[in-house]
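This is the structure, below, for whatever I ask next.
Naming: A, B, ... by sequence-line order, numbering from 1 per chain. These numbers come from the heavy atoms of this one structure, side chains and all, not from hydrogens, waters or symmetry mates. Predicted, not measured: the structure shown is a model, and the values here were computed from it.
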Amino acid sequence: MSNNGTWNSSHHDLQHQVEAFLFYEAELNDERRFQEWLDLLTDDFRYWVPIRDSVDSYDVAKELTGEGQMGFFDDTKQSMETRIRRYDMEPKPWAEYPPSRTRHLISNVRIKGVEAGEVEVHCNFIAYRTRLENDQDMFVGTRQDVLRRGEEGFKLARRTIILDHAVLPSKSLSFIL
Amino acid sequence: MSTTGPDLSKLIDQEHGLVYRSLYSDPAIYDLELEHIFARCWLCLGHESLVPNPNDFITTYMGEDPVILWRNAEGKLGVYLNLCRHRGNRVCRLDRGNTNRFVCSYHGWVYNSDGKLIGVPYMKEGFMNELDIEKWGLVPAAKVDVYKGLIFATFDNDAPPLEEYLGEAAWYLDVLLDWTAEGTEFIGGTRKWTIDCNWKTAAENFATDMAHVVHTHGASVKVGLSRSHHMQQLARNAKGFTVYTKYGHGFTLMDIPDGLPIWDVQTKIEPFQRFLEETMPEATKRLGETRTKGITLVAANIFPNLSFSFIDVTTARVWHPRGPGKIEAWEWTIVPKGLTPEAKEEMRHVGVYKWGPAGMFDQDDMDNWVQMTQSARGWASRQVAMNYQMHIGDRGGVHEDLPGHVSALYSEENARLFYKHWLERVQPESRT
Ligand code: FES
Ligand SMILES: [Fe+2]
């Protein structure tokens, strides 16, 4: 699909559906409605946040870690469930006690491809997190999502988050980015 | 009593196990640390696997000093201040790469991977051919050495050899570094994040602190993240030791009847268990039964700022100081070379979700260190001592099987000796 201005009305519909899904998903995350958030994930969900370095411009293909290397997150639906169960544990999950206040701002939503019931969609985000008296963190980057259409609408099958930071400006990524 | 600053010995009361927290906040003390600790100790820069090929480099820090770790064209390791000799611009702005030269962005001085100055614009018109370029190369570290894959450097010409500096700590580190003849490697990727805490809060935590594990990390244990023997044992009343070795290093280890010596296993890392079983006979030949069957490594700090946790998957990290109240954590997953692809992948995966800023285990430590550091800002709080009195009545000593000064598992002797060593470094006249 091209998004250089040669759209027809069905593209507009899809763009609208995709954006509505992303906004809803962010709402569930920010409002800590995590069970509902989990329900938006496919069973084969994969969530990957690579590490980014400053490299030479001719090396830019290697600025992110990839397959077989370390990342900040490499989660499945099951490990996301574990993270979410951890939030309610006693003793406390101290990095989230009291919990982060998050605000996910989603913009520049681009549909990159449509295939066999799946939509690949990229967007930019700011994840703004405050916590305790005056912790204040801003994480900025791009998301590369794969949404899969099911009976109840879209589900999130894959999310890769490319952070713009080399050194994270924060003590923890204890919330869902 | 120092002629240049406060009497720091008042801040550390060895006899009563008391430490006063201005050593987390006082800028004058921080300056002493940069000079007497970060410019004198052997500091870890990473692992050979970060720079495997000729001309490979990474940039990192020794204390607050930016440095380049650079293999030359012949493959020899060098460590240089990332500091152009002309005006002090950084000669390299990248985190990693491969090059045989850096050209300074300011006026174009050129340095090669031996650290030599090989080009100066306006040599004739400006310097009238009088600049002795032999004298203006990059400033090398005083010493660079490798211990079984880990690269260290120091700015101190008089530092003892690395092997002596590690001393008895090497006996414990070898369980990790010498498990197989092939040694170890870092899995690619350095996780870097920022914590508003004094570097010592992190270092002492890894050197000594068994008492925090089930409290700080209780949620992760309970959620079933780590079903390793360690955690099961910790949840009950475990047996084990803390070990202090010369030059400020601290280890915690457990004594588990059927425990693994290291990487005591997550839920079911079957490929990795197989690897351990297969390599056990050879490792036992090399390391001896005490190390392969007798003890289980938990955590360590190599003075001043290189920490390890060995639980499930070994994480290594350096705490780069950024003023008295801030650090950057640079963290790696270190594994034995020669793992099967399945075992390596499993180790990688556990390393990703357990450690690092998003690591379910790691993340719960940070608030403690930040808040301890914040507490050092108030005048009244600074007058109140911190308590390091666990096992002060029975400080331990020689153990027949274990090198170093061996104390109980829930002892704070490692921390007391860490701060004693710290004091002897920053205030040499306090040495007794
Ligand atoms: S500062 Fe590097 S060339 Fe002038
Ligand atoms: Fe901890």
Non-neighbouring partners of A/Glu19 that pass salt bridge (charged side-chain N to carboxylate O under 4.0 Å, His left out), sequence neighbours left out:
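Partners of A/Glu19 by the salt bridge (charged side-chain N to carboxylate O under 4.0 Å, His left out) criterion come out as none, since no residue qualifies.
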Checking heavy atoms, do the side chain of A/Leu177, its backbone, both or neither come under 4.5 Å from chain B?
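Neither part.
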Is there side-chain contact between B/Leu83 and B/Val91, with heavy atoms separated by less than 4.5 Å?
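Side-chain contact under 4.5 Å: no.
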Check step by step if ring pair (Phe, Tyr, Trp, His ring centres under 6.0 Å) holds for B/Phe308 and B/Phe310.
CA-CA 6 Å; B/Phe308 297 91; B/Phe310 305 98; 5.7 Å; yes
Name the option with the most non-hydrogen atom pairs under 4.5 Å to chain B; the candidates are A/Gly66, A/Gly68, A/Pro169.
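Among A/Gly66, A/Gly68, A/Pro169, the one with the most close pairs to chain B is A/Gly68.
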Can you tell me which residue pairs pass the ring-ring contact (aromatic ring centres under 6.0 Å, His included) test with a partner in residues 140-161 of chain A, sequence neighbours excluded?
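Pairs touching residues 140-161 of chain A that pass the test: none.
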Salt bridge present between A/Glu118 and A/Arg158 (N-O < 4.0 angstrom):
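Result for this pair is no, no salt bridge flagged.
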Of the listed residues (B/Ala358, B/Ala329, B/Gly356), which shares the most heavy-atom pairs with chain A below a 4.5 Å separation?
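Option with the greatest count: B/Ala358.
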Could you list each N or O donor-acceptor pair linking chain A to chain B at a distance under 3.5 Å?
| from | atom 1 | to | atom 2 | distance (Å) |
| --- | --- | --- | --- | --- |
| A/Asp53 | OD2 | B/Arg96 | NE | 2.5 |
| A/Asp53 | OD2 | B/Arg96 | NH2 | 3.2 |
| A/Ser54 | N | B/Asp95 | OD2 | 2.6 |
| A/Ser54 | O | B/Asp95 | N | 2.8 |
| A/Tyr58 | OH | B/Asn98 | O | 3.2 |
| A/Lys62 | O | B/Arg96 | NH1 | 3.1 |
| A/Lys62 | O | B/Arg96 | NH2 | 2.8 |
| A/Gln69 | O | B/Arg348 | NH1 | 2.9 |
| A/Met70 | N | B/Gly188 | O | 2.8 |
| A/Gly71 | O | B/Arg191 | NH1 | 2.9 |
| A/Asp74 | O | B/His349 | NE2 | 2.9 |
| A/Asp74 | OD2 | B/Arg348 | NH1 | 3.1 |
| A/Asp74 | OD2 | B/Arg348 | NH2 | 2.6 |
| A/Arg83 | NH1 | B/Ala358 | O | 2.8 |
| A/Arg86 | NH1 | B/Ser220 | OG | 2.8 |
| A/Arg86 | NH1 | B/Met360 | O | 3.3 |
| A/Arg86 | NH1 | B/Asp364 | OD2 | 2.7 |
| A/Arg86 | NH2 | B/Gln363 | OE1 | 3.4 |
| A/Arg86 | NH2 | B/Asp364 | OD1 | 3.2 |
| A/Arg86 | NH2 | B/Asp364 | OD2 | 3.3 |
| A/Glu90 | O | B/Lys222 | NZ | 2.6 |
| A/Trp94 | N | B/Asp364 | OD1 | 3.1 |
| A/Trp94 | NE1 | B/His215 | O | 3.1 |
| A/Ala95 | N | B/Asp364 | OD1 | 2.8 |
| A/Arg131 | NH1 | B/Asp367 | OD1 | 3.3 |
| A/Arg131 | NH1 | B/Asp367 | OD2 | 3.0 |
| A/Arg131 | NH2 | B/Asp367 | OD2 | 2.6 |
| A/Leu168 | N | B/Lys192 | O | 2.9 |
| A/Leu168 | O | B/Thr194 | N | 3.2 |
| A/Leu168 | O | B/Thr194 | OG1 | 2.6 |
| A/Ser170 | O | B/Thr194 | N | 3.3 |
| A/Lys171 | N | B/Thr194 | O | 3.1 |
| A/Lys171 | O | B/Trp193 | NE1 | 3.3 |
| A/Lys171 | NZ | B/Asp367 | OD1 | 2.6 |
| A/Leu173 | N | B/Pro357 | O | 2.9 |

Looking at residues at least two apart in the chain, or sitting in another chain, which of them share a side-chain hydrogen bond (donor to acceptor under 3.5 Å, both in side chains) with A/His122?
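If we apply the side-chain hydrogen bond (donor to acceptor under 3.5 Å, both in side chains) test to A/His122, skipping adjacent residues, the hits are A/Glu120.
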Could you walk me through whether B/Phe57 and B/Phe102 pass ring pair (Phe, Tyr, Trp, His ring centres under 6.0 Å), step by step?
CA-CA 11 Å; B/Phe57 71 88; B/Phe102 285 114; 4.9 Å; yes
